[in-house]
Amino acid sequence: MFTLAREPINVSTLSRALHGDQAGAMISFEGWVRNVNDGRAVRLLEYEACESLAVKEGARIIQEAQERFSVIEASCVHRIGLLAIGECAVWVGVTAEHRDAAFAACRYIVDQLKVRLPIWKKEHYADGSVEWVNCQSDEIAEMKCL
């Protein structure tokens with residue numbers, strides 16, 4: 001399951017939903033908004049997404065992880081909109097019979113999200129400046145959402 005959320009991510013509810021009798025391990029990852037990037041003080045982050053494509057590609061990544069690593073269940077939520085320092089921007093949870101598969105699948109999902117999802121991050125700095133991170137602003141304008 002992959003979803004986008006405009007509201008804060010409830011990590012404990014998501015973790016509880018993955019528990020099952022078959023699982024010997026549950027691994028989760030939380031990506032938080034930090035107050036500094038490349039030596040610059042960050043005030044807040046803003047995520048924009050091509051929502052329909054992000055949900056489709058996110059689901060594809062989850063499915064690949066389940067097949068590749070034989071996990072029982074995998075789930076991911078990524079925030080969009082404005083996020084304050086300390087908020088959870090992305091959560092990934094994976095259950096498997098054994099920890100090795102759960103660790104590998106969680107890492108795969110996080111790594112694939114970073115390179116494949118049409119989600120863009122804008123940093124708002126303490127000095128008042130704003131900057132897109134790891135993309136060109138025209139990429140967003142050119143993206144065609146289905």
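Index from 1, following the sequence.
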The side-chain hydrogen bond (donor to acceptor under 3.5 Å, both in side chains) partners of Asp100 (sequence neighbours excluded) come to none

For Arg107, all residues meeting salt bridge (Lys or Arg N to Asp or Glu O under 4.0 Å), sequence neighbours excluded: Asp111

Neighbour count above 12 (heavy atom, 6.0 Å) for Arg99 CZ: no

May I ask you to test the His124-Glu131 pair for a side-chain heavy-atom distance under 4.5 Å? no

Please list every donor-acceptor pair under 3.5 Å in which a side-chain atom of residues 69-76 meets a protein atom from a residue at least two apart or in another chain.
none

Closest heavy-atom pair, Ala96 versus Ala102, reported as atoms and distance to 0.1 Å, is CB-N, 3.8 Å

Do Tyr125 and Val130 make a side-chain contact, defined as non-hydrogen atoms from C-beta onward lying under 4.5 Å apart? no

Evaluate Ile119 against Leu113 for side chain to side chain contact (heavy atoms under 4.5 Å, CB included), listing each step before the verdict. CA-CA 9 Å; Ile119 295 178; Leu113 293 173; over 6 Å; no

Distance in Å, Gln112 CD paired with Ile62 CD1, rounded so as to fall on 0.5 Å steps: 11.0 Å

NZ-SG distance between Lys56 and Cys50, expressed to the nearest 0.5 angstrom: 9.0 Å

Could you check if a side-chain atom of Tyr47 sits within less than 4.5 angstrom of a side-chain atom of Lys122, using non-hydrogen atoms only? no

Calculate, to the nearest 0.5 Å, the distance between atoms CZ and OG belonging to Arg40 and Ser129 respectively. 4.0 Å

Taking the basic N atoms (NZ, or NE/NH1/NH2) and the acidic carboxylate oxygens, is any pair closer than 4.0 Å for Glu48 and Lys121? no

Is there a path of hydrophobic side-chain contacts, each under 4.5 Å between heavy atoms of I, L, V, M, F, W or Y residues, that connects Val33 with Leu44? no

Qualifying residue, where the test is side-chain contact (heavy atoms from CB on, under 4.5 Å) with Phe2 and the options are Leu117, Ile61, Ile109: Leu117

If Ile, Leu, Val, Met, Phe, Trp and Tyr residues are connected whenever their side-chain heavy atoms lie under 4.5 Å apart, and connections chain through other members, are Val110 and Phe103 in the same group? no

Using distance only, find each side-chain donor-acceptor pair of residues 14-21 under 3.5 Å and give its atom names and separation, not counting sequence neighbours.
unit_1	atom_1	unit_2	atom_2	d
Ser15	OG	Val11	O	3.1

How about Asp127: does its CG atom have over 12 heavy atoms from other parts shown lying under 6.0 Å from it? yes

Counting C-beta onward and ignoring hydrogens, is there a side-chain heavy-atom pair between Asn37 and Glu123 closer than 4.5 Å? yes

If you look only at distance, which donor and acceptor atoms sit under 3.5 Å apart when one is on a side chain in residues 77-93 and the other is two or more places apart or in another chain?
unit_1	atom_1	unit_2	atom_2	d
Arg79	NE	Glu7	O	3.2
Arg79	NH1	Glu87	OE1	2.8
Arg79	NH2	Arg6	O	3.3
Glu87	OE2	Ala84	N	2.6

Enumerate, atom names and distances included, each donor-acceptor pair closer than 3.5 Å involving a side-chain atom of residues 22-30, sequence neighbours excluded.
unit_1	atom_1	unit_2	atom_2	d
Glu30	OE1	Trp32	NE1	2.9

